[in-house]
Amino acid sequence: MVVLDSQYKFQAWQRNDWLCAMLVVLCVIFTSCDGTADSEEEKSLSRIEVDWSSYGKSVPAGMTVLFQHIETGDMVQAIDNDVTGITSRLSPGRHWATVFNLTEQEFVNIGFRGLDAVETAKAYVKESATSKWYDGVAGSGNYVAGQPEWLAVDTIMTTAIEPVADGVKIIGTLHPKNIIYTLHVTVHVDNMGNLLAARGAISGLAAGRRFAADFPEDNAVTVTHLIEADDWICSRSSSPQGDGLVKADVRCFGLPANHNGTPEENRLEIQALLADGKTVKRYDIPVGHLIKEPVHAAAGRGDNLDLYLELRLDPALPPYSGNGGGVDVWFNDWDERIDFNMPI
């Protein structure tokens with residue numbers, strides 16, 4: 001009897017211990033659930049409005065908005081086709097809010113990094129396939145990039161969000177502005193009648209830009225943008241010297257923040273196809289000191305992100321030696337596969 005009674009008591013204790021353990025586990029689960037529910041219940045429907053009037057381009061078909069709580073660092077990312085604003089459930093307190101047009105996947109030549117925090121969010125220009133005619137720059141840390149699509153960004157700190165607020169509260173307005181520069185290249189050419197086509201490359205431009213900053217990043221790499229033959233337009237003057245201009249626009253992230261305006265920081269390579277259709281003259285020109293940026297009034301930048309580069313080909317092209325006083329045809333599609341005579 002004593003043995004049976006002891007076994008009974010031991011089994012009863014085991015059952016009680018198991019029940020106690022289960023009660024502890026259930027208490028933890030319910031406490032956790034209650035805490036989560038309370039946290040979710042504290043969130044309020046909050047709306048941030050977006051005004052695209054400073055963009056200067058067509059209103060986009062969609063946008064991405066990042067919210068980050070300034071104290072906890074919690075992130076909320078929202079994507080919407082309604083570009084007038086977005087409504088999200090956000091925790092009490094203030095948030096950093098950042099917007100950019102479209103979504104990450106809709107850009108071909110732009111990539112994104114650091115979108116898990118507003119402070120680190122950035123866009124950069126992706127590496128692209130090199131054209132057959134461009135040899136590139138030897139060494140690591142150099143790459144050829146495609147010209148970026150238009151990209152508009154803005155970052156603000158929202159007004160404070162109250163817990164369990166009734167209705168939808170407007171917490172601020174974002175004003176996205178274009179952050180892509182246009183480099184306007186103008187080349188003065190003597191003996192323009194001997195120029196059939198041109199193509200080129202410009203190096204040393206910025207690789208990217210952080211959203212929270214209002215200027216491009218420092219460069220740790222050398223980024224080169226190609227200017228293909230169909231990017232150039234030409235015009236001839238009526239002067240007896242037969243001079244003229246070739247012009248091209250290059251989209252980019254501008255000059256890097258650590259640019260010092262020295263000649264070697266940017267190089268412009270130009271290849272000029274002469275009127276004989278075979279001879280190509282090549283120019284490799286340091287131009288870092290020639291790139292100019294206009295001064296804009298504070299808060300008046302809008303879409304006006306322009307850089308200007310103007311120079312003259314030196315030495316000049318040789319005069320046209322054929323009949324007819326020069327060539328009026330301009331090749332917009334320079335065949336990359338043809339072998340040309342390349343004078344040194």
Side-chain angles (χ1 to χ4, degrees), residues 36 39-128 145-163 165 167-180 207-214 216-217 251 253 302-303 305:
T36 303
S39 177
E40 286 298 319
E41 288 173 1
E42 286 181 353
K43 292 184 177 181
S44 300
L45 281 174
S46 305
R47 179 175 176 81
I48 195 158
E49 298 189 328
V50 185
D51 176 9
W52 295 91
S53 61
S54 298
Y55 180 26
K57 311 296 178 186
S58 299
V59 175
M63 65 180 181
T64 300
V65 179
L66 309 175
F67 296 99
Q68 184 175 23
H69 199 284
I70 65 171
E71 294 179 357
T72 67
D74 291 343
M75 286 287 298
V76 174
Q77 183 177 125
I79 296 171
D80 207 316
N81 292 330
D82 179 6
V83 295
T84 63
I86 200 161
T87 301
S88 297
R89 293 188 65 86
L90 299 176
S91 301
R94 304 186 78 179
H95 297 250
W96 288 108
T98 286
V99 63
F100 62 92
N101 53 302
L102 304 179
T103 63
E104 299 175 65
Q105 295 74 24
E106 292 178 271
F107 292 89
V108 176
N109 294 327
I110 293 177
F112 297 87
R113 294 191 183 104
L115 296 186
D116 54 343
V118 168
E119 182 183 1
T120 59
K122 64 172 290 186
Y124 67 95
V125 62
K126 291 181 179 179
E127 185 172 357
S128 67
Q147 294 190 32
E149 298 89 345
W150 297 118
L151 178 62
V153 172
D154 191 26
T155 299
I156 64 168
M157 183 184 289
T158 68
T159 57
I161 298 171
E162 301 296 332
V168 179
K169 180 182 178 181
I170 296 176
I171 57 173
T173 302
L174 289 157
H175 299 273
K177 294 181 176 65
N178 170 52
I179 63 171
I180 301 300
R209 183 181 183 123
R210 286 198 176 186
F211 291 167
D214 197 29
E217 285 196 306
R251 288 197 311 275
F253 275 102
D303 184 50
L305 284 179

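Just so you know, residue 1 is the first one in the sequence shown, and it goes up from there.
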Approximate separation, where rounding is to 0.5 Å, of [X] [atom1] and [Y] [atom2]:
{"X": "Q68", "Y": "M157", "atom1": "CD", "atom2": "CE", "value": "10.5 Å"}
{"X": "H95", "Y": "T72", "atom1": "NE2", "atom2": "OG1", "value": "7.0 Å"}
{"X": "K57", "Y": "I180", "atom1": "NZ", "atom2": "CD1", "value": "10.0 Å"}
{"X": "T173", "Y": "D154", "atom1": "OG1", "atom2": "CG", "value": "10.0 Å"}
{"X": "L174", "Y": "D51", "atom1": "CG", "atom2": "CG", "value": "10.0 Å"}
{"X": "T84", "Y": "I48", "atom1": "OG1", "atom2": "CD1", "value": "12.5 Å"}

Using modelled atom types and a 3.5 Å cut-off, is there a donor and acceptor pairing between side-chain atoms of [X] and backbone atoms of [Y]?
{"X": "R94", "Y": "T158", "result": "yes"}
{"X": "S54", "Y": "H175", "result": "no"}
{"X": "E42", "Y": "S91", "result": "no"}

Which atom of [X] lies closest to which atom of [Y], heavy atoms considered:
{"X": "N109", "Y": "E149", "result": "N-OE2, 3.1 Å"}
{"X": "R47", "Y": "D82", "result": "NH2-OD2, 4.2 Å"}
{"X": "V83", "Y": "A61", "result": "CG1-C, 4.2 Å"}
{"X": "A145", "Y": "V125", "result": "CB-CG2, 3.4 Å"}
{"X": "K126", "Y": "I110", "result": "CE-O, 3.3 Å"}
{"X": "S44", "Y": "P163", "result": "OG-C, 3.7 Å"}

Inset, instruction - For R251, check salt bridge (charged side-chain N to carboxylate O under 4.0 Å, His left out) against everything at least two apart and list the hits. - result: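 Per chain and number, R251 pairs via salt bridge (charged side-chain N to carboxylate O under 4.0 Å, His left out) with no residue.
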
Inset, instruction - Report the C-alpha separation of K169 and I161 in whole Å, then their side-chain angles, then the decisive distance to 0.1 Å, and conclude whether the side-chain contact (heavy atoms from CB on, under 4.5 Å) test is met. - result: CA-CA 8 Å; K169 180 182 178 181; I161 298 171; over 6 Å; no

Legend entry - With A212 via side-chain contact (heavy atoms from CB on, under 4.5 Å) - residues at least two apart: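 A212: no side-chain contact (heavy atoms from CB on, under 4.5 Å) contacts found.
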
Inset, instruction - Please examine the side chains of V50 and I86, heavy atoms only from C-beta on, and report whether any two atoms are closer than 4.5 Å. - result: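 A side-chain contact is absent here, since even the closest heavy-atom pair is not under 4.5 Å.
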
Contacts under 3.5 angstrom, residues 96-103 side chains, donor-acceptor by atom type, not counting sequence neighbours:
| unit_1 | atom_1 | unit_2 | atom_2 | d |
| --- | --- | --- | --- | --- |
| T98 | OG1 | T155 | OG1 | 2.7 |
| N101 | OD1 | A152 | N | 2.7 |
| N101 | ND2 | W150 | O | 3.3 |
| T103 | OG1 | E106 | OE1 | 2.9 |

Legend entry - More than 12 heavy atoms of other groups within 6.0 Å of E119 CD: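 At most 12 heavy atoms, drawn from other residues, nucleotides or ligands, come within 6.0 Å of this atom.
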
